[in-house]
> 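Mind looking over this structure? Questions follow.
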Amino acid sequence: MPTPEFRKQYLMNFKHVHRIAALSVALACANASALQSGEDVPFITSPDNVTLEMLSAARVGPKDHVLDLGSGDGRIVITAAKRFGASGMGVEIVPDLVERSNRSAKDAGVADRVSFRVQDLFKTDLAQATVITMYLLQEVNLQLRPAILGLKPGTRVVSHDWDMGDWAPDRTTVVAVPDKKVGLEKSSKIHLWTVPAKVAGLWCGAGLLRGASLELAQKFQRFEGTLRHRNRARELKGTVEGSTLRSVTEKAGELVLEVSGSQMRLVAAGGPLTLAQGQSFTRAGPEGCR
Ligand SMILES: C[S@@+](CC[C@H](N)C(=O)[O-])C[C@H]1O[C@@H](n2cnc3c(N)ncnc32)[C@H](O)[C@@H]1O
């Protein structure tokens with residue numbers, strides 16, 4: 001358990017990071033201390049309006065399993081169950097907070113759908129979640145980023161205040177927090193990402209699309225590439241939202257594709273590809289498209 005003096009020092013570091021965004025210096029101090037206690041971020045709660053906005057932004061519903069990394073007093077997971085009908089789990093390194101969270105879950109009548117455990121967030125299996133919530137630090141988010149990008153396409157990730165570097169959020173909302181205790185701004189940012197399918201590479205047309213090919217480059221949720229079909233090449237550019245690729249360009253019009261494993265189905269298309277709707281591309285093997 002961290003001593004009260006240690007926690008005070010830690011909190012000061014967190015405030016400092018918020019105040020001047022001097023991440024490197026503050027985190028160097030915070031991380032050095034964190035090694036002693038296991039905490040990577042101090043306990044500060046997301047206010048209720050921020051919690052509600054985080055869960056709304058991720059469109060949490062009864063089919064979702066919400067995982068809060070560093071769950072503090074458990075409020076995000078408990079609210080996800082009570083207000084949005086989801087199930088969930090919180091992992092938290094401070095045992096007292098886990099005890100408190102489990103008590104609150106019972107009091108809120110959601111103990112059958114949520115659980116809290118003393119666990120290091122870096123040792124947590126993220127694949128169980130359909131929605132991940134975090135109020136950590138940018139540096140911690142960045143450490144988690146490779147694992148998050150490897151999750152099932154469509155998994156939503158919401159972060160209070162901190163972003164993930166050059167993986168830009170799909171959406172950011174700002175919520176007023178008049179009595180905010182950290183930072184200078186009296187507001188909180190809520191960033192939302194949807195894990196994109198991995199689509200880079202060469203795809204070969206099948207059925208009515210036989211002879212066509214799709215060559216794609218991808219950076220996070222953005223892609224661009226070329227569709228070759230009947231001796232014509234069309235440039236594509238758009239976004240990958242979960243398993244759905246959407247390209248809208250002046251020349252090629254709209255194109256919507258759905259990825260499932262090594263298949264990509266043409267869901268909507270304008271121009272000459274209209275007839276090929278419902279047809280698929282498959283990921284090329286080492287010999288390319290034949
Ligand atoms: C800023 S608080 C956020 C609490 C809660 N998620 C919320 O938004 O109200 C961050 C929490 O992460 C916990 N924490 C820090 N490092 C952790 C780690 N490595 N594993 C699990 N929890 C951690 C802290 O103890 C703290 O309760």
Side-chain angles (χ1 to χ4, degrees), residues 1-4 6-19 23 26-27 29-58 60 66-83 86 88-102 104-105 108 114-126 129 131-145 147-148 157-163 175 177 179-183 187-192:
M1 261 296 286
T3 63
F6 168 79
R7 294 185 65 79
K8 200 170 126 203
Q9 186 61 41
Y10 214 161
L11 192 60
M12 278 166 58
N13 283 338
F14 190 72
K15 287 179 176 175
H16 178 61
V17 174
H18 260 278
R19 195 172 296 125
L23 269 174
L27 279 167
C29 304
N31 284 342
S33 309
L35 291 176
Q36 298 166 40
S37 73
E39 269 177 300
D40 291 285
V41 185
F43 171 50
I44 297 179
T45 54
S46 295
D48 289 343
N49 62 335
V50 173
T51 297
L52 283 173
E53 183 56 34
M54 288 170 81
L55 298 168
S56 304
V60 169
V66 176
L67 174 63
D68 189 24
L69 297 177
S71 49
D73 63 4
R75 62 180 60 208
I76 293 183
V77 173
I78 291 170
T79 306
K82 205 173 158 79
R83 297 281 294 269
M89 184 169 94
V91 293
E92 169 55 58
I93 208 81
V94 178
D96 284 357
L97 289 171
V98 172
E99 258 176 50
R100 204 209 292 186
S101 301
N102 280 321
S104 301
V114 306
S115 62
F116 296 92
R117 42 172 93 139
V118 181
Q119 190 167 293
D120 186 342
L121 61 92
F122 288 110
K123 295 185 181 140
T124 299
D125 173 17
L126 307 181
V131 175
I132 294 175
T133 55
M134 332 189 270
Y135 183 22
L136 300 166
L137 285 170
Q138 193 203 42
E139 186 155 305
V140 179
N141 290 359
L142 285 175
Q143 285 179 63
L144 290 165
R145 196 173 88 171
I148 289 174
V157 182
V158 200
S159 173
H160 178 178
D161 272 342
W162 302 101
D163 64 25
V175 171
V177 182
D179 59 349
K180 189 156 178 160
K181 302 281 187 302
V182 289
S187 61
S188 281
K189 290 194 184 81
I190 292 150
H191 304 291
L192 170 74

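Counting convention: from 1, in listed order, for ligands and their atoms alike. The figures here come from the full heavy-atom set of this structure, side chains too, leaving out hydrogens, waters and symmetry mates.
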> Counting only nitrogen or oxygen atoms and a 3.5 angstrom limit, does D40 reach ligand 1?
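Yes, D40 has an N/O under 3.5 Å of an N/O on ligand 1.
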> What about T45: any of its N or O atoms under 3.5 Å from an N or O on ligand 1?
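By distance alone, the answer is no.
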> Using heavy-atom distances only, which candidate in R75, E92, R117 approaches atom 13 (C) of ligand 1 most closely?
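Nearest option to atom 13 (C) of ligand 1, by heavy atoms: E92.
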> Does the pair K180/D161 count as a salt bridge with the N-to-O cut at 4.0 Å?
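Yes, K180 and D161 are salt-bridged.
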> I would like to know whether I93 and L121 meet side chain to side chain contact (heavy atoms under 4.5 Å, CB included); could you show each step before the answer?
CA-CA 8 Å; I93 208 81; L121 61 92; over 6 Å; no
> Find all atoms of ligand 1 within a distance of less than 4.0 Å from any non-hydrogen atom belonging to V94, and give their numbers and elements.
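That gives atoms 25 (O) of ligand 1.
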> Got a second to check how far T124's OG1 is from L126's CG, nearest 0.5 Å?
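Spacing of OG1 (T124) from CG (L126) equals 7.0 Å.
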> Hey, does I76 have a side-chain heavy atom less than 4.5 Å from the side chain of M54?
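Yes, side chains in contact.
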> What closest approach, in Å, do V175 and E53 show between heavy atoms, and which atom pair accounts for it?
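The pair with the smallest heavy-atom distance is CG2-CG, 3.6 Å.
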> Carefully, step by step, assess W162 and L136 under the rule side chain to side chain contact (heavy atoms under 4.5 Å, CB included).
CA-CA 7 Å; W162 302 101; L136 300 166; 5.6 Å; no
> Give the atom numbers and elements of ligand 1 that come within less than 4.0 Å of a heavy atom of G72.
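Answer, ordered by atom number: 4 (C), 27 (O).
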> If the cut-off is 4.0 Å to any non-hydrogen atom of F43, which atoms of ligand 1 fall inside it?
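Those of ligand 1 that fall under 4.0 Å from F43 are 2 (S), 26 (C), 27 (O).
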> With heavy atoms under 4.0 Å as the rule, classify the contact between I76 and ligand 1 as side chain, backbone, both or neither.
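The side chain, only.
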> So, is D73 polar-close to ligand 1, with some N/O to N/O distance under 3.5 Å?
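Min N/O separation from ligand 1 is not below 3.5 Å for D73.
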> Among P47, P42, S71, G70, which one puts a heavy atom closest to atom 1 (C) of ligand 1?
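The option holding the nearest heavy atom is P42.
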> Taking 4.0 angstrom as the limit and counting only heavy atoms of L97, give me the atoms of ligand 1 inside it, by number and element.
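Counting atoms of ligand 1 from 1, those under 4.0 Å from L97 are 27 (O).
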> Starting from the C-alpha separation in whole Å, work towards a yes-or-no answer on side chain to side chain contact (heavy atoms under 4.5 Å, CB included) for L69 and V140.
CA-CA 11 Å; L69 297 177; V140 179; over 6 Å; no
> Considering both backbone and side-chain atoms of L121, is one of its nitrogen or oxygen atoms within less than 3.5 Å of a nitrogen or oxygen in ligand 1?
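Looking only at distances, the answer is yes, because the N/O contact criterion of under 3.5 Å is met.
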> If you count the atoms of ligand 1 from 1 in the order shown, which ones are under 4.0 Å from a heavy atom of D68?
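Contacts of ligand 1 toward D68, numbered from 1: 5 (C), 6 (N).
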> Taking atom CZ of R83 as the centre, does the number of heavy atoms from other residues, nucleotides or ligands within less than 6.0 Å exceed 12?
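No, because the 6.0 Å sphere around CZ of R83 holds 12 heavy atoms or fewer from other groups.
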> Specify the closest pair of heavy atoms between R100 and F43, including all atoms of both residues, with the distance to one decimal.
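Shortest heavy-atom separation between R100 and F43 comes out as NH2-CE2, 4.1 Å.
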> Mark up the atoms of ligand 1 that fall under 4.0 Å of a heavy atom belonging to D120, in ascending order.
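By the 4.0 Å cutoff, the relevant atoms are 18 (C), 19 (N), 20 (N).
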> Given side chains that start at C-beta, do those of L142 and R145 come closer than 4.5 Å, heavy atoms only?
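Yes, at least one pair of side-chain atoms sits under 4.5 Å.
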> Please say whether I93 places an N or O atom under 3.5 Å from an N or O atom belonging to ligand 1.
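Such a contact does occur with ligand 1.
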> Relative to the heavy atoms of I44, which atoms of ligand 1 are at a distance of less than 4.0 Å?
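Numbered from 1, ligand 1 contributes 1 (C), 2 (S), 3 (C), 4 (C), 9 (O).
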> Could you check whether any heavy atom of Q119 sits closer than 4.0 Å to an atom of ligand 1, since that is the contact criterion I want to use?
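So Q119 counts as touching ligand 1.
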